[in-house]
Amino acid sequence: RLLGHHGASGGPGCKWNPPVGAEELRGELDRFGGVSVRLARLGALDRLDAASFQRGLQAAVQRWRSEGRIAVWLHIPILQSRFIAPAASLGFCFHHAESDSSTLTLWLGEGPSRLPGYATHQVGVAGAVFDENTRKILVVQDRNKLKNMWKFPGGLSEPGEDIGDTAVREVFEETGIKSEFMSLLSIRQQHTNPGAFGKSDMYIICRLKPHSFTINFCQHECLRCEWMDLNDLVKTENTTPITSRVARLLLYGYREGFDKIDFTVEELPAVYTGLFYKLYHKELPDNYRTKTGMD
Ligand SMILES: NC(=O)C1=CN([C@@H]2O[C@H](COP(=O)(O)OP(=O)(O)OC[C@H]3O[C@@H](n4cnc5c(N)ncnc54)[C@H](O)[C@@H]3O)[C@@H](O)[C@H]2O)C=CC1
Ligand SMILES: [Mg+2]
């Protein structure tokens, strides 16, 4: 199927405005039929002004259309940001930006754009550090909050960081307590979160096992930090609904067995990419783990 035949070879303006820089605007084809142009990889753009770039891009877009490309991905290094406005005037929109570049897209296919969006969520992770021997749980009060409610220490995940590693790192940074990841207990999803720049927030609580007990809390982020009896956290009014709920969940797990509440983790190989990933779920009994055990 050929898309967008129209306007293939030069409109009226083209003869008199040779597409300056059009030769340079070469892209790579992706497996979906889109073309990706990385300005950082193209030479001779330093002396190109915005108007010439726009003419060159317009001619290139016409060419890509005639070749049936479904989309254009335009990667612009931050120092070449003068090319953003000309691209936008040809219909390009921001797809995303990183610290040193932005990526704009133009959909050329039929109907509305089917290009995937960019990041949708921020991920926050808290650690519920529970000591089974003393039945105590580690809680903090935020310094920067209007109401000083007890909550689990935690914070935002860094790019490429495992959920459990975020929990352990944040707990240590905020309280000085060393701990080990045991399981995932809950996931909260909230949209248009003010702290997530209007994106959605995914807040994950992990069960951690303490390896040290002397509190040395971060004065910047925390006002108070203590080991609290789990029953007291379950009963207190001075906490958030999510903390209260997870405290009840922990009490249930403590009494009836943590396998009732734990999503444990396992690392598995990805089929196509050769990468590895972490899979979290309730414990699978041994006889369900192998195909032969199923009959
Ligand atoms: N119910 C609960 O127990 C609560 C859960 N959460 C969740 O925790 C996660 C975030 O945890 P945090 O402890 O907030 O992250 P965090 O531990 O990574 O700390 C964020 C840091 O960034 C600073 N910061 C944030 N916005 C700033 C700005 N505009 N300018 C300057 N500094 C700024 C804060 O002061 C803080 O030091 C989210 O997923 C959130 O939904 C947050 C509050 C309460
Ligand atoms: Mg925090």
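Remember, it's 1-based here, ligands and their atoms both numbered in the order they're listed.
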Given Q122, E170, E221, R245, which one has a non-hydrogen atom that is nearest to atom 13 (O) of ligand 1?
E221
Among I204, V123, I242, which residue places a heavy atom closest to atom 2 (C) of ligand 1?
I242
Residue, atom name and distance, where the atom is the protein heavy atom closest to [atom]:
atom	result
atom 35 (O) of ligand 1	N144 ND2, 3.5 Å
atom 5 (C) of ligand 1	Y203 CZ, 3.4 Å
atom 38 (C) of ligand 1	D201 OD1, 3.4 Å
atom 10 (C) of ligand 1	L156 CD2, 3.8 Å
atom 15 (O) of ligand 1	G155 CA, 3.4 Å

Ignoring hydrogens and geometry beyond distance, is a side-chain donor-acceptor pair present between E283 and T264 at under 3.5 Å?
yes
On the 0 to 90° scale, with breaks at 30° and 60°, tag the W73-H95 ring pair as parallel, tilted or perpendicular.
perpendicular
Should the pair W227 and F213 be assigned to parallel (<30°), tilted (30 to 60°) or perpendicular (>60°) ring geometry?
tilted
Side-chain heavy-atom pair [X], [Y] within 4.5 angstrom cut-off:
X	Y	result
T166	R169	yes
D201	R188	yes
P153	E170	no
S102	I84	yes
V140	K151	yes

Which of the numbered atoms in ligand 1 are under 4.0 angstrom from any heavy atom belonging to [X]?
X	value
E174	17 (O)
T243	3 (O)
K151	3 (O), 13 (O)
G124	9 (C), 39 (O)
T240	1 (N), 2 (C), 3 (O)

Are any of the protein's heavy atoms under 4.0 angstrom from [atom], yes or no?
atom	answer
atom 28 (C) of ligand 1	no
atom 18 (O) of ligand 1	yes
atom 21 (C) of ligand 1	no
atom 7 (C) of ligand 1	yes
atom 32 (N) of ligand 1	no

Test of understanding: given a 4.0 Å heavy-atom threshold, classify the contact between K145 and ligand 1 as side chain, backbone, both, or neither.
side chain
Side chain, backbone, both or neither: which applies to D142 and ligand 1 if a contact is any heavy-atom pair less than 4.0 Å apart?
neither
I'd like to know if the side chain of S36 and the backbone of E28 have a donor-acceptor N/O pair within less than 3.5 Å.
no
Treating D142 as the side-chain partner and N144 as the backbone partner, does any N or O pair qualify as donor plus acceptor under 3.5 Å?
no
Per salt bridge (charged side-chain N to carboxylate O under 4.0 Å, His left out), D229 is matched among R135, K235, K136 by R135
With respect to the Mg ion (ligand 2), please indicate if G155 possesses an N, O or S atom at a distance under 2.8 Å.
no
Report yes or no: does a heavy atom of Q190 sit under 4.0 Å from some atom of ligand 1?
no
Just to check, does R188 reach to within less than 4.0 Å of ligand 1 when the distance is taken from its heavy atoms?
yes
Heavy-atom closest pair, residues V35 and D30
N-OD2, 4.5 Å
Walk me through whether D49 and R82 qualify under salt bridge (Lys or Arg N to Asp or Glu O under 4.0 Å).
CA-CA 8 Å; D49 63 86; R82 66 182 185 284; over 6 Å; no
When you group the ILVMFWY residues by side-chain heavy-atom contacts below 4.5 Å and let the links chain together, are I215 and V168 in the same group?
yes
Name of whichever N/O/S atom of E174 is nearest to the Mg ion (ligand 2):
OE2
To the Mg ion (ligand 2), the closest N, O or S atom belonging to E221 is OE2
